[in-house]
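So the structure is just underneath, and the comments pick up after that.
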Number of protein chains: 2
Amino acid sequence: MSDSDKSVVSRLRKLIGEGFYQPGERIGEVAVAEQLGVSRTPVRLAFRTLEQEGLLQRAGKRGFMVREFTEADVLCAVEVRGVLEGLAARRLAEQGLSPELAEELTVWIQKGRDLLAKGYLEERDVDVWSELNRRFHETIVGSAGSPVIGDAIARNNHLPFAAADSIVIDSEALDREYRKLQLAQTQHELVFQALRHGEGARAEMLMREHAFIGLRYGELWGLG
Amino acid sequence: MSDSDKSVVSRLRKLIGEGFYQPGERIGEVAVAEQLGVSRTPVRLAFRTLEQEGLLQRAGKRGFMVREFTEADVLCAVEVRGVLEGLAARRLAEQGLSPELAEELTVWIQKGRDLLAKGYLEERDVDVWSELNRRFHETIVGSAGSPVIGDAIARNNHLPFAAADSIVIDSEALDREYRKLQLAQTQHELVFQALRHGEGARAEMLMREHAFIGLRYGELWGLG
DNA sequence: TATGCTTTAGTTGGATCCATTGTTAATTTC
DNA sequence: GAAATTAACAATGGATCCAACTAAAGCATA
């Protein structure tokens, strides 16, 4: 994929995510091409990619429309990520954790501890958490014995709000977000514990529950 | 998607599935275009679709290669389908079966009973089973409250041997396949039972186990 | 003889052109 | 006045052209 090609896909993804093209709205090749300052060809290619990702939908016989997502869709996407990451965790527990992998996971666990040790959250901590969280999940999924699970998760993550690192949003209520991250950190540690002891079923269930953290946990502290 | 466009994607899918293009082999746009008798444009579009489906893979900086699947990949894809269909079944059990849906599922259950009632399997029965099996699974997945799960399954099914209806292959050992289908039918009935009684966890586990039927069950009767 | 540089050929990406199709609007007829 | 048919326009799909880049092959030099 050329830079430009990738750029068209990601720029279009961004525009759709930001609501520049309204859900349900018909999206034309020429309009997008002019908007992005390229010819129709890379846009046509990008449409096929975005269709497979689920962001675009065929509009009748001709052309595409922006797919609209209901609240149920978002919930479902989170659950899908949960069962898939749960599957990865169970497989990893069953096949046994190698010393190298345990070491790798320990790094991200420790980074989480360090981040939360000072007892509160700063603005710039958000990116640090996002990074270590992503690496923790990637490490587990990437070690499940086959790229198939990771691929399925990656495709699912293209749906808005489904990705694992879309946890922290409200940077104006950092004290509340701190409690959320504290819980996430605890869940990470519990998952790691289960993995080390080969407890497949427990690792799976913990991971599934962990997926919900960006969704309903706010209600616990009156954020919902 | 125009007829021709769809045709290029599916014809290419077929050629790859049949091994016309070897796994790991570099696949060129011009070669495919000449092979299929079209210009490069629809081929380029099809490559993007097939990349997202997981059948093609970027080959370094330039072009695509046919993705190769290990035995572990196939096993993993089956497990992925299992957890996703399990998720759909659990959600369906939790939200409760509507009378219409129960009626619909009963139809496919009954067709399965009828098919197996005579005690043996004929060549033409294979298609009948394939159809009713597909409809049974589609009905459950399609009623899970959001198309997201179905989409994830559909994408996963593009991987060879991962689809639910790739059960019956050996049409020369119909007596052995009969026992397999008998078990599949029993599993369908148990899933239906769990769904009717709102037993979410049971429905999920049964569905997950059911996914393995095309994979390891042959070993039970010395087919492995 | 091996390594590095240069040149050339082949392949991919982007833009444009043409044909086909779907949609919309206008005109005609009932 | 409304509905249907036709014509015109807009948008998509396919093909081709051109440019850029990668990779491979050949040649020269150390």
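- The side-chain hydrogen bond (donor to acceptor under 3.5 Å, both in side chains) test applied to A:Asn156 returns no partner, not counting sequence neighbours.
- A straight line from CE of B:Met65 to C1' of C:dT11 spans 17 Å, rounded to a whole angstrom.
- Among pairs with a residue in residues 89-109 of chain A, none fulfils ring-ring contact (aromatic ring centres under 6.0 Å, His included), at least two apart in sequence or across chains.
- A straight line from CZ of B:Phe47 to P of D:dG14 spans 15 Å, rounded to a whole angstrom.
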- Message: Output one letter per nucleotide in nucleotides 15-22 of chain C: B when a protein non-hydrogen atom lies under 4.0 Å from the base, S when only the sugar-phosphate is that close, - when neither is.
- Response: BBB---BS
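- Applying the salt bridge (Lys or Arg N to Asp or Glu O under 4.0 Å) rule to pairs touching residues 94-107 of chain A yields A:Arg90-A:Glu94, sequence neighbours excluded.
- In this structure, B:Arg26 atom CZ and C:dG10 atom P are separated by 14 Å, rounded to whole Å.
- Among pairs with a residue in residues 146-162 of chain B, those fulfilling salt bridge (Lys or Arg N to Asp or Glu O under 4.0 Å) read A:Arg67-B:Asp151, at least two apart in sequence or across chains.
- Summarising the geometry, the separation between CD on A:Glu34 and P on D:dT12 is reported as 11 Å, rounded to the nearest angstrom.
- Counting to the nearest Å, the P atom of D:dG14 and the CD atom of B:Glu29 are 14 Å from each other.
- Checking side-chain atoms of B:Ser130 against main-chain N and O of B:Val126 turns up no donor-acceptor pair under 3.5 Å.
- Every pair passing salt bridge (Lys or Arg N to Asp or Glu O under 4.0 Å) that includes a residue from residues 23-32 of chain A is listed here, sequence neighbours excluded: A:Glu29-A:Arg40.
- Atom CZ in B:Phe64 sits roughly 16 Å away from atom P in C:dT11 (whole-Å rounding).
- Per the geometry, CG belonging to A:Leu45 stands 11 Å off C1' belonging to C:dT12, to the nearest Å.
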